[in-house]
Each structure stands twice: as structure tokens, then as C-alpha cells.
Protein chains: 2
Amino acid sequence: MDAASGKQLEDTIESRLRGAGLRVTGPRVRVFNLLQSLGGHHSADDLAQQLSADKGGMSRASVFNVLHDLTNAGLIMLSDAGPGRAFYEASDTWHHHFVCRNCGDIIDVPCAKDVKPCLNPALPGPGFAVDEAQVIFRGLCPACNPEVAPGIVLA
Amino acid sequence: MDAASGKQLEDTIESRLRGAGLRVTGPRVRVFNLLQSLGGHHSADDLAQQLSADKGGMSRASVFNVLHDLTNAGLIMLSDAGPGRAFYEASDTWHHHFVCRNCGDIIDVPCAKDVKPCLNPALPGPGFAVDEAQVIFRGLCPACNPEVAPGIVLA
DNA sequence: CTTTTGTTTGGACTGAATACAATATAGCAC
DNA sequence: GTGCTATATTGTATTCAGTCCAAACAAAAG
């Protein structure tokens with residue numbers, strides 16, 4: 001990435017923060033930027049570790065604050081991947097997640113449009129205002145799936 | 001519940017533990033029993049607090065151990081309710097969950113197909129062995145939903 | 001009843017996240 | 001630009017969730 005596109009990216013981040021009604025601050029830009037450029041799913045501490053090592057450093061508490069702010073503003077999303085620590089990702093498109101039972105990897109699963117599994121609009125009952133349905137698929141990823149590689153002898 | 005049905009229940013629990021290949025021990029019977037009689041979703045510490053106050057007491061570590069054992073044996077289930085602490089429930093039928101964004105309440109949502117793999121097998125991609133798809137519905141429960149028409153009495 | 005094997009226990013420990021009060025800074029008015 | 005004020009950031013202390021461990025214990029098999 002050259003200087004120009006880096007600048008471009010920062011401009012985009014700034015305008016998106018502003019558009020969401022958030023003040024543009026160093027920590028917010030840096031967290032958002034890092035999450036976007038890394039791609040994938042990351043825990044708060046994961047990001048905090050990288051950012052505190054960077055020039056300027058960064059408080060762990062700030063990372064948590066910023067992640068909450070960005071999530072509330074809808075700029076990033078908190079992935080549903082089961083109990084445990086929270087994983088965040090910068091994604092614009094709605095999707096679901098596959099979580100490997102063995103290695104714990106989280107993989108995005110595109111939302112099959114109009115095929116919301118088991119989604120019956122009347123389901124929760126009257127009075128409920130459901131605004132999203134997140135699906136978590138569980139099983140084994142290719143790397144952990146013994147069925148994948150023919151010829152590999154299983155223990 | 002009278003003494004006879006209490007005994008009956010314990011017998012059932014014992015046989016279910018045995019049937020799952022688990023030794024029948026006091027802590028296991030008590031945790032399983034409590035989770036069944038309470039109904040709903042409970043965290044390990046929630047259960048530990050009640051059990052340690054009971055006659056005989058109970059170690060917090062044991063509650064965690066037992067919950068893991070029962071979960072692995074398929075006798076109870078670990079509810080997918082998003083990041084944070086784990087919630088367990090004693091339920092025989094596969095279902096999904098609605099989580100209120102405001103109060104955090106977890107409510108069971110019956111699975112439209114009532115069988116475990118209610119999923120699109122092609123979704124994650126080749127090489128993946130998906131064995132379950134859990135749906136988390138998010139929104140507002142009736143108690144937190146301002147849209148609920150005044151005058152409507154919620155059960 | 002003895003042995004074997006698996007389980008329980010408490011306490012120390014790790015890791016994730018929050019609370020809070022002091023400090024710093026963005027955005028605005030002038 | 002300068003200064004003001006509301007909002008953010010920071011570090012530390014603290015809570016909360018969960019794991020680890022080795023010694024004591026108990027279930028099931030012989």
C-alpha cells in the first residue's frame with residue numbers, strides 16, 4: 001500500500017467515524033484501521049497487543065472503549081462465535097460464522113439470501129422485536145477434518 | 001413434588017448418567033438435578049452459588065468439571081448466546097435462542113425442523129464437516145419492547 | 001474387602017472485561 | 001487562531017469467568 005492509498009483509507013475512516021456521529025480521535029482511527037487492514041476476527045487483547053507495541057502506544061482500556069464505540073455505531077461487528085472472549089471484525093456485509101470445534105478457527109459464511117435456516121418469523125412469539133438472526137455453524141474445518149485427505153491414515 | 005417423584009427423578013438421572021458412560025457421583029446428580037428443576041439457562045457460577053449454599057456444599061471447580069462432563073456426554077447443552085460467560089440448560093430437544101439486547105434474557109426458540117442439522121450443507125464450503133447450526137435471534141423482548149401496544153397483557 | 005481408576009476439592013492462578021478518577025483533546029464559538 | 005466545554009483516553013485497581021494442580025476421596029470391578 002502506497003502513501004496515497006494509505007491517506008485515502010484514513011480519509012475514509014475519518015468520514016465514516018464522523019458519519020456515525022463519533023469524534024475522530026487517534027485511538028479510534030488506529031483501531032478501525034488495524035481491524036480493516038488485518039481482516040478476519042480479532043479479540044480486544046489481540047488488537048491491544050499490536051497497538052500498544054506501535055509507535056505512540058495505546059492503553060488496553062482504550063481498545064475496549066473504542067471497540068464498544070465502533071460496535072455501537074455499527075462500524076464494526078461483534079461476531080457471534082459462542083461463549084468466551086469477544087471477537088470483532090470490520091465487515092460491511094452481513095454474514096454468519098463457522099467455528100471449528102477442534103482448532104477454534106472462525107470462518108465467515110456468506111448469508112445465503114432468503115435461506116435463513118430455521119427462521120420462522122412467528123417463532124419467538126408476540127411482542128418480540130427481532131432485528132437479526134446470526135447463525136453459528138459448528139464442525140470441523142478442512143485442516144481438522146480427517147475425511148478430507150484420502151490416503152491419510154487415521155490413528 | 002413428593003418424595004416418590006423425587007426418588008423417581010433421581011433414578012432417572014442416575015440411569016441417564018450411567019447410560020452416558022459416566023460414574024454416578026453426588027456432584028453430578030446434584031448439578032444435573034438442579035439444572036433440570038430450575039429450567040432455563042444458567043451460568044456455572046449461578047449454579048455453584050446455589051449448590052455451595054446447600055447442605056454438603058460444593059466446590060466451584062466441581063461445578064465446572066461436572067458441567068463439562070455432562071455437556072460432553074450430551075446430557076445438557078451449552079447455549080449459544082454470544083460472547084461472555086457460558087450458559088447451560090437441561091433440554092432434550094434441539095432449539096435456538098433469542099437474546100434480548102436490553103435485558104440480556106435468553107429465551108428458547110423452537111427449531112422449525114426440530115432436528116439438529118437444520119442447515120444448508122453446502123454453505124461453508126468443501127472440506128468442512130458441519131454438524132450443527134445454531135441460530136441466535138437478537139432484538140427486544142416484550143418487556144423491553146416499546147412497540148408493544150399499551151393494553152396488551154403479556155403472559 | 002481390596003484394588004484400580006476416575007472424581008472431587010480448595011486454593012492459586014490466568015485471562016477477559018469493567019470501574020473510576022485524573023488527564024488530555026476534538027470540535028465548536030468567537 | 002484562542003479558549004471553552006463536552007467528550008475521550010489512560011492507568012490502575014477490581015471484578016468476573018474459567019483453568020490448573022496435587023492431595024484426598026469414592027465408585028465400580030475383581
Side-chain angles (χ1 to χ4, degrees), chain A residues 10-11 13-32 34 41-73 75 78-88 104, chain B residues 10-11 13-34 41-73 75 78-88 104 106:
Chain A
E10 275 197 15
D11 283 354
I13 287 177
E14 275 199 34
S15 60
R16 292 193 64 194
L17 285 170
R18 244 180 267 277
L22 293 178
R23 284 190 179 181
V24 178
T25 69
R28 285 176 181 167
V29 171
R30 288 170 63 201
V31 168
F32 197 4
L34 179 60
H41 312 80
H42 301 275
S43 70
D45 278 311
D46 184 359
L47 299 170
Q49 202 176 352
Q50 305 195 46
L51 289 165
S52 62
D54 274 5
K55 163 176 78 75
M58 186 154 170
S59 157
R60 206 174 77 101
S62 295
V63 178
F64 279 90
N65 284 339
V66 169
L67 287 172
H68 285 158
D69 294 344
L70 296 181
T71 304
N72 290 337
L75 296 175
L78 175 52
S79 317
D80 269 319
R85 70 189 145 162
F87 289 92
Y88 297 87
Chain B
E10 276 198 13
D11 283 353
I13 288 178
E14 275 200 34
S15 60
R16 292 192 64 194
L17 285 171
R18 244 180 269 276
L22 293 178
R23 284 191 181 183
V24 177
T25 69
R28 287 178 179 165
V29 172
R30 287 171 63 202
V31 168
F32 197 5
N33 198 355
L34 179 60
H41 312 81
H42 301 275
S43 70
D45 277 311
D46 183 359
L47 299 170
Q49 201 176 354
Q50 304 195 46
L51 289 165
S52 62
D54 274 5
K55 164 177 76 76
M58 186 155 171
S59 157
R60 205 175 76 102
S62 295
V63 178
F64 279 90
N65 283 340
V66 169
L67 288 172
H68 285 159
D69 294 343
L70 296 181
T71 304
N72 290 336
L75 295 174
L78 175 51
S79 317
D80 267 319
R85 70 190 145 161
F87 289 92
Y88 297 87
I106 305 173

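Lettering follows sequence order; numbering is per chain, from 1. Values below: every heavy atom of this structure, side chains too, minus hydrogens, waters and symmetry copies.
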Tell me the interatomic distance from A:Leu67, atom CG, to D:dT10, atom P, rounded to whole angstroms. 13 Å
Between A:Val66 and B:Asn65, which has a closest nucleotide on DNA chain D that is more 5'? A:Val66
Value in whole Å for how far the C1' atom of D:dA17 lies from NE2 of B:His42: 18 Å
Out of C:dT9, D:dT9, D:dG18, whichever nucleotide has its closest atom nearest the side chain of A:Asp69: D:dT9
Between A:Asp69 and A:Arg28, does at least one N-O distance fall below 4.0 Å, as a salt bridge requires? yes
Can you tell if the side chain of B:Thr25 reaches within under 4.5 Å of the side chain of B:Val66, non-hydrogen atoms only? no
Reckon B:His68 has a side-chain N or O less than 4.0 Å from the OP1 or OP2 of D:dT19? yes
What is the distance, to the nearest angstrom, from the CZ atom on B:Arg18 to the C1' atom on D:dA29? 13 Å
Quick check: on DNA chain C, is the nucleotide nearest A:Ala44 upstream (toward 5') of the one nearest A:Val24, or the reverse? Name the residue that is more 5'. A:Ala44
Would you mind reading off the distance between A:Arg28 atom CZ and C:dA26 atom P, rounded to a whole angstrom? 11 Å
Is the closest side-chain heavy-atom distance between B:Asp80 and A:Pro83 below 4.5 Å? yes
Between B:Arg18 (side chain) and B:Arg23 (backbone), is there a donor-acceptor pair under 3.5 Å? no
What I'd like to find out is whether the side chain of A:His68 reaches to under 4.5 Å of the side chain of A:Tyr88, using heavy atoms alone. yes
Rounded to whole angstrom units, what separation is found between the CG atom of A:Leu22 and the C1' atom of C:dG27? 14 Å
Does A:Arg23 put a side-chain nitrogen or oxygen below 4.0 Å from OP1 or OP2 of D:dT9? no
Which of C:dT9, D:dA17, D:dA8 is nearest the side chain of B:Asp45? It is D:dA17
Just to be sure I understand the rule, does A:Thr25 reach a base, reach only the sugar-phosphate, or reach nothing, if contact means heavy atoms closer than 4.0 Å? sugar-phosphate
Quick one: A:Leu47 CG to D:dT9 C1', roughly how many Å, whole number? 17 Å
Proximal nucleotide (of D:dT9, C:dG27, C:dT18) relative to the A:Phe64 side chain: C:dT18
note: A:Leu51, atom CG; D:dT10, atom C1'; distance rounded to Å ~ 14 Å
Indicate whether OP1 or OP2 belonging to D:dT9 is found under 4.0 Å from a side-chain N or O atom of A:Ser59. no
Does A:Arg60 pair with A:Asp45 as a salt bridge, N-O distance under 4.0 Å? yes
Scan A:Arg60 against the nucleic acid and name what it touches under 4.0 Å (heavy atoms): base, sugar-phosphate only, or nothing. base
Which listed nucleotide (C:dT9, D:dT19, C:dA17) is nearest to the side chain of B:Met58? C:dT9
So what does B:Arg85 hit on the nucleic acid, given a heavy-atom distance under 4.0 Å: a base, only sugar-phosphate, or nothing? sugar-phosphate
Rounded to the nearest angstrom, tell me the gap between atom CD1 in A:Ile13 and atom P in C:dA26. 16 Å
For A:Val63 and B:Tyr88, find the nucleotide of DNA chain D closest to each by heavy atoms; which residue's nucleotide sits nearer the 5' end? A:Val63
